Structure formats: C-alpha cells, structure tokens
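Down below is the structure, laid out as structure tokens.
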There are 2 protein chains.
Amino acid sequence: MAKSEDPPRRATLKEVAKAAGVSLASASYAINGAGSVGEATREHILKVAAELGYRPNQSAKAMKTGKTGAIGLIVPDLTNPFFPGLAQVVIQAARAHGYSVFLTDTEGSTEEEERAVNLMIDHGVDGVIWFPIADDGPVGKLIEGVPTVVLDRNLPGYDVIQADYADGGRLAAEHLLAAGHVNIGVISGPHAASSARQRAEAAISTVRERGNLVWHVHNAYSLDLEPEVAKALDSRTATAVITGADLIAIGAMRHIRGLGQSVPDDVSVVGFDDIPWAQLHTPALTTIDMPVEDMAAAAVEALIRRMSARGEPRRRVVFNVELVSRDSVRVLT
Amino acid sequence: MAKSEDPPRRATLKEVAKAAGVSLASASYAINGAGSVGEATREHILKVAAELGYRPNQSAKAMKTGKTGAIGLIVPDLTNPFFPGLAQVVIQAARAHGYSVFLTDTEGSTEEEERAVNLMIDHGVDGVIWFPIADDGPVGKLIEGVPTVVLDRNLPGYDVIQADYADGGRLAAEHLLAAGHVNIGVISGPHAASSARQRAEAAISTVRERGNLVWHVHNAYSLDLEPEVAKALDSRTATAVITGADLIAIGAMRHIRGLGQSVPDDVSVVGFDDIPWAQLHTPALTTIDMPVEDMAAAAVEALIRRMSARGEPRRRVVFNVELVSRDSVRVLT
DNA sequence: CCTTCTCCATGAAAGGTTTCACGTCCTGGC
DNA sequence: GCCAGGACGTGAAACCTTTCATGGAGAAGG
C-alpha cells in the first residue's frame with residue numbers, strides 16, 4: 001500500500017451528523033433522499049459528507065435493509081468462449097442498475113456448482129443468474145429463497161431465458177440438406193443438458209426426414225473430442241457433421257484435418273452458438289447464432305423485476321436463433 | 001421462485017443459542033471455533049445449528065469484523081481472450097481461500113474503471129486485484145486504503161505481478177532475426193500501457209541491432225486495426241511483423257491475407273500472450289507465452305498476504321516468458 | 001388569539017454478530 | 001481441607017445504519 005498508516009478509517013454517518021450539527025436520522029435521510037429534510041439542511045449535510053469523504057458502510061446498510069446490492073452470476077466455464085461475452089453484458093447491465101456482480105465459474109462440476117451457490121448465498125446476494133451445468137444439479141433446491149433467473153435450461157419454477165434450440169437444430173439440418181448432403185453425423189453436447197438434447201433431437205429428426213443419420217455421438221463442451229466421437233469421425237461415413245457447439249465444431253474440424261481430409265471439401269461442419277472464434281477460424285464456421293448479449297441483458301432485466309416483485313408468475317423468454325452461413329459447408333452440385 | 005411464501009427466514013445465531021440452551025456468546029464461539037467451549041457443548045451447538053440450517057449472516061459479521069470475505073477483480077475487457085483464463089484462476093484460488101470475487105470489466109475506459117473501483121469499495125471488498133488499462137488511471141489514488149495488487153503494470157506503491165515483457169520483446173525479435181528476417185515491422189499495444197511499451201522497446205532495440213525496423217505503429221488490444229496500422233501493412237515493406245498481443249497478431253494476419261499475401265510465406269507474424277486462439281488459428285501463431293495462470297494464482301497469494309499483513313514492504317514478482325514456435329514464422333533460407 | 005395542520009427534525013430501537021471482561025465451578029497441589 | 005488457577009460459560013457493549021414514533025415550531029384559518 002502507498003501509506004503504511006494502518007487504518008485510513010472512513011468517516012461514519014455519525015461523524016457526518018456531528019460535523020453537520022444535525023441528528024443521525026437527518027443525516028441518513030439527507031443522504032438517502034428519503035424522509036423529510038429541509039432543502040437547506042439537506043444541502044449542508046451533503047456538503048459536509050462530501051468534505052469528510054463519507055462512504056456509506058454497505059455492510060451495515062445491508063444488515064438493516066437485507067439488500068446487499070450484489071447479484072451472483074454462475075457460469076460453467078469462463079474459458080469457454082461462449083461465456084465471457086455473456087458475463088460482460090451481465091456485469092454492465094447490473095452496474096447500470098447499481099449492482100455489483102459476484103462471478104463464479106463452476107468448472108463443470110456439480111459439486112463446485114453447489115459450493116459456489118452456497119458461498120454466494122452466504123455472502124448475501126440479492127439475486128442470482130445461473131447458467132446450470134446439468135438439468136439435475138442439486139442446486140435446484142438450494143437457490144430457493146434467492147430470486148433467481150436461469151439461463152439456457154428450462155428449470156421448473158424459475159424465470160428462464162432461453163434460445164430456440166430446437167429451431168437451431170432444425171435450421172442446421174435443413175441447411176445441410178439443402179446443400180445436398182445426405183449422410184449426416186451429429187455430435188451433440190453432453191447428455192445431461194436439456195438444451196443440448198433439444199438441439200440434437202431437432203437436428204436428428206430433420207435429418208431423418210430427408211436424409212440419412214449415419215451416427216450420433218456426444219461430447220463435452222470442449223475442443224477435446226472423446227474417443228467415441230473420434231471414432232465416429234474416423235469412420236468417414238458422413239459428408240456433413242452437425243455439432244452441438246462451436247467449440248465442438250472446431251475440435252471436430254481439427255480432427256478431420258488430422259485425418260487428411262478437408263473442411264469443407266470432404267466434410268462439412270456446422271456449429272452452434274456463434275462464438276467469436278467462429279468467424280476467425282479457417283475455414284470460417286457456419287453456425288447458429290444466438291443473441292447472447294440480448295439474452296444476458298434480458299436475464300438482468302428479469303432478475304431486477306423478480307427482485308422487486310417476488311410474487312409475480314414466472315416468465316420464460318425464448319430468443320430466436322438464426323443460421324449464419326460461412327465457409328465450413330460445401331454445397332454439393 | 002419455487003415457493004411463493006415470501007420470507008423463508010433463515011435462523012439467527014440467537015435462535016440457535018436459545019434452541020441449544022446456551023448463551024449467544026457460546027454459540028458464536030462454537031461456530032467459529034474460537035473462544036473456550038467445552039467439547040460436548042460445542043458439538044451440541046453445532047448439531048442444533050445444523051438442524052436449524054443456520055447460516056451466518058455475513059452482513060452482520062462483516063459489520064463487526066470489517067471483513068467481507070469478498071475480493072474484487074478488475075480487468076479491462078473480458079472479451080479479450082487473454083482475460084477469462086486469468087479470471088478463472090483468480091476465482092478458483094480465491095474460493096479456495098474462502099473468498100468470493102466481484103468481477104468487473106472496465107471496457108477499456110478510464111471512467112468506467114473509476115466507477116468500477118468505487119462500486120467495489122462501497123460494496124466493501126477486503127482487497128482488489130487490478131489489471132489497469134493505462135498507467136495513469138485516476139484510480140491510483142482511489143484504491144488507497146484497500147489492499148491491492150496490480151497486474152501487468154508496475155505501479156509504484158503497489159504489490160505487482162508482471163511478466164518479463166522486455167525479455168518477451170527481445171525473444172520475439174531474436175526469433176525473427178535468427179530466421180533470417182531483416183525488414184521487420186512492429187505493431188505495439190496502446191501507448192498508454194507501460195507493459196506495451198516495454199514489449200515494443202525491447203523488440204525494437206533488438207531489431208535495430210541486427211536488422212532493419214521498417215515501421216512502428218500502435219494498435220489497441222483488439223482484432224480491429226487502426227488506419228495507420230493498416231497503412232503500414234499495406235506498404236508491404238516488412239517480411240516479418242512483431243505484434244504486442246495475439247489479438248493484434250490475428251487482426252494483422254487477417255489483414256495480410258486480405259492483401260492477397262500469405263502468412264507465413266510472404267509475411268511472418270509473431271504474437272504475444274499465447275491466448276487460446278493462438279494455437280487454433282491457421283496458421284498456428286508463434287508467440288510469447290506468459291504464464292497467466294501462475295500469475296493469477298500469484299496475484300491471489302500476494303493479495304491474501306497483503307490483507308493479513310498490511311505493513312509489509314511491497315513486492316514485485318516477475319514471471320519469465322518463453323517463445324513458443326508454431327507456424328506463423330517462415331525461416332528464410 | 002387560539003387551534004389545527006404541516007413541515008422539519010430528533011431520539012431511540014433494531015438488525016445479527018463478535019468479543020471483552022467477568023463469574024462460577026472444579027481440579028490439583030500442598 | 002484450603003487455596004490457586006484453569007476451564008468453561010455468560011452478559012453486555014459495540015459495529016453502522018435505517019426507520020418508527022414523537023415533538024416542536026411556525027403558518028394558516030377561524
């Protein structure tokens with residue numbers, strides 16, 4: 001620290017009141033703009049407070065009011081490029097409403113998720129925005145009592161913000177079919193996530209209608225492919241692959257290239273999410289764009305609403321997705 | 001919310017004490033493992049507390065002790081892929097020590113930075129880890145009074161965690177020179193950041209010794225290139241480019257490709273930071289690796305130390321960097 | 001001139017915890 | 001059998017704020 005004088009004590013409201021020659025109550029009212037204080041007095045108090053560099057002690061305030069002015073944001077994995085953009089918007093939107101955000105990263109484990117939630121509740125957040133790892137996290141019950149909005153999963157009882165995953169899956173499949181692909185493989189996200197299942201199911205049923213589903217495997221939301229996924233790719237039976245996430249798509253493209261094949265010449269790939277990497281990748285990835293920023297902002301809005309009106313019926317907001325066509329899909333002639 | 005019964009009130013310590021038939025003081029001691037409580041009583045109290053689902057009210061605790069158990073992490077821009085990894089490690093390390101972290105993203109503006117810091121101080125963080133945008137942020141004085149460790153910049157008076165930027169710049173330049181490049185351009189990061197200057201200066205002086213510095217321009221830490229940078233690249237006078245960050249390098253490679261040139265055949269590029277994208281990019285980017293995770297962990301360690309021993313002399317830790325050679329540099333024969 | 005408001009201002013309680021200072025009881029030493 | 005001292009427990013203050021209930025003074029109306 002710059003100075004070693006240990007306690008650069010902050011002025012307390014009592015001190016402000018004394019310095020201003022008014023009562024504690026008046027000082028409080030003046031500073032919070034509540035209660036009834038004469039115009040002149042208020043200004044005087046404010047001036048004195050400013051001089052003393054008064055900063056309200058949030059802990060004390062929180063204790064009285066029960067509101068901490070903090071919200072929690074729980075995401076699975078910050079290094080998944082899907083999340084930073086989300087977090088950024090949440091943080092900004094929250095700040096615009098005067099809230100700070102506790103961010104926590106659960107690193108893909110349900111126990112971490114539970115610990116994270118507990119820590120947050122203990123620290124006294126006013127509300128939580130939660131992007132769950134799986135549908136059945138033990139956390140469902142834990143969050144009881146704290147206003148919560150859930151992203152991505154349609155957890156019963158919570159306010160929910162989602163994208164139209166089924167439509168995304170369908171779009172991806174149709175795009176491939178329209179390009180003349182017949183033998184299509186699907187690498188979907190983890191079984192445990194309903195959003196991943198929805199993407200996959202819609203894609204699969206669309207493929208089945210007019211094409212041929214050659215395989216369907218699962219992979220974590222990661223660049224690294226699991227053995228069964230690698231094996232599926234190794235079989236070279238599909239001319240096109242639908243993936244449950246851009247990260248998986250990129251991992252798959254790497255693997256395909258490792259096989260000596262080319263994307264999109266030999267195999268076409270479509271992703272999901274439209275993370276920033278998607279367009280930077282070579283070839284640029286055709287993918288399903290979700291309006292993450294809008295969703296994040298909506299989550300904050302929903303949380304703010306919920307925090308002030310706890311009784312309201314839950315809401316579920318579903319955002320539209322759209323296919324963005326780039327270079328990873330080959331049109332068969 | 002799952003239930004609409006408004007207040008699922010949490011048990012208070014007083015209630016625990018009463019239910020256990022002991023005094024408030026004993027209950028407090030038992031739960032905090034301090035003071036003197038008989039083994040039997042302690043266990044009994046703990047049991048009762050568990051039954052009642054007692055969770056200490058952190059606001060009250062914070063008010064008494066002055067410690068909130070929260071730390072703040074201030075980074076410039078979460079969407080810059082350099083930061084999520086850093087944040088993740090900080091969050092984890094902090095949690096391992098029982099701290100929650102307020103994360104805030106200053107979006108590159110110094111005013112935001114100031115607001116963010118104020119909000120954090122008001123919320124009562126016990127300490128702050130700060131990755132400043134510029135050397136002259138107005139924040140230098142603001143943080144006074146809150147234990148703070150600064151990342152990346154050597155701000156006087158603070159505990160500092162850095163990487164050996166000068167060495168990185170030198171390494172990059174030497175790598176290029178060793179590969180036979182002579183006409184070398186430098187795109188460094190923003191003027192305002194001393195770390196960017198150090199990288200550039202070392203690179204430039206090394207280039208000057210044994211090669212030819214054809215131009216030197218600046219760019220924000222972003223994929224988007226500023227006009228003067230584009231102009232420099234357009235001049236096609238350099239066979240190799242040293243950049244102040246991987247993000248800039250990727251932006252530059254895009255631009256170079258747009259010129260109809262190839263990386264590395266026509267122009268070699270070296271980055272700085274070794275962000276996750278670097279190895280995914282085609283061509284994979286040769287860059288300077290900083291041990292971000294270690295630095296993040298060190299920052300938390302340093303902060304913890306500082307929070308418990310405010311008087312200690314400041315420390316500055318400098319991490320070594322190393323060049324990781326990939327495919328974006330051509331060896332001239 | 002007196003009553004009745006309204007407007008300002010204040011004292012004091014409350015909120016949940018930690019911790020100091022003190023008291024009681026039992027143990028062990030002589 | 002007494003006393004010193006340790007172990008265990010307790011009451012109460014303090015932390016800083018919000019907010020309720022109350023009081024006084026001045027203005028307006030009769």
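Order of the sequence lines sets the chain letters (A, B, ...), proteins ahead of strands, with each chain counted from 1. Only a predicted model underlies this, so the values are computations on that prediction, with no experimental measurement involved.
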Interatomic distance, [X] [atom1] vs [N] [atom2] [rounded to whole Å]:
| X | N | atom1 | atom2 | result |
| --- | --- | --- | --- | --- |
| L13(A) | dT19(D) | CG | C1' | 13 Å |
| K18(A) | dC16(D) | NZ | C1' | 15 Å |
| E15(A) | dC16(D) | CD | C1' | 11 Å |
| I45(A) | dT17(D) | CD1 | C1' | 15 Å |
| R55(B) | dG15(C) | CZ | C1' | 20 Å |

Ring pair (Phe, Tyr, Trp, His ring centres under 6.0 Å) involving [X] - partner list, sequence neighbours excluded:
| X | answer |
| --- | --- |
| H44(A) | none |
| Y99(B) | none |
| F82(A) | none |

**Q.** Pairs flagged by side-chain hydrogen bond (donor to acceptor under 3.5 Å, both in side chains) wherever residues 66-75 of chain A is involved - sequence neighbours left out
**A.** T68(A)-D126(A)
Q) Would R95(A) and T104(B) count as having a side-chain donor-acceptor pair, cut-off 3.5 Å? A) yes
Considering only nitrogen or oxygen atoms on both sides, find all protein atoms under 3.5 Å from nucleotides 8-15 of chain D and state each distance.
from	atom 1	to	atom 2	distance (Å)
dG9(D)	OP1	T41(B)	OG1	2.5
dG9(D)	OP2	G38(B)	N	2.4
dG9(D)	OP2	T41(B)	OG1	3.0
dT10(D)	OP2	S23(B)	N	3.0
dT10(D)	OP2	S23(B)	OG	3.3
dT10(D)	OP2	S26(B)	OG	2.9
dA14(D)	N3	K64(B)	NZ	2.8

Q. Phosphate oxygens OP1/OP2 of dT17(D): is one of them under 4.0 Å from a side-chain N or O of T12(A)?
A. yes
Q.
With a 4.0 Å cutoff (strictly under), does any side-chain N or O of K61(B) reach OP1 or OP2 of dT18(C)?
A. yes
Q: Dump the intermediate steps for side chain to side chain donor-acceptor pair (under 3.5 Å) on D122(A) and Q58(B), then the final yes or no.
A: CA-CA 6 Å; D122(A) 284 350; Q58(B) 293 290 338; 5.2 Å; no
Q: Mind grabbing the angle between the end helix axes of the helix from dC1(C)-dG30(D) to dC30(C)-dG1(D)? Five pairs an end, 10° rounding.
A: 40°
**Q.** Ion pair check, R314(A) and D159(A), cut-off under 4.0 Å
**A.** no
Q) Is R115(B) paired with E112(B) through a side-chain N to carboxylate O contact shorter than 4.0 Å? A) yes
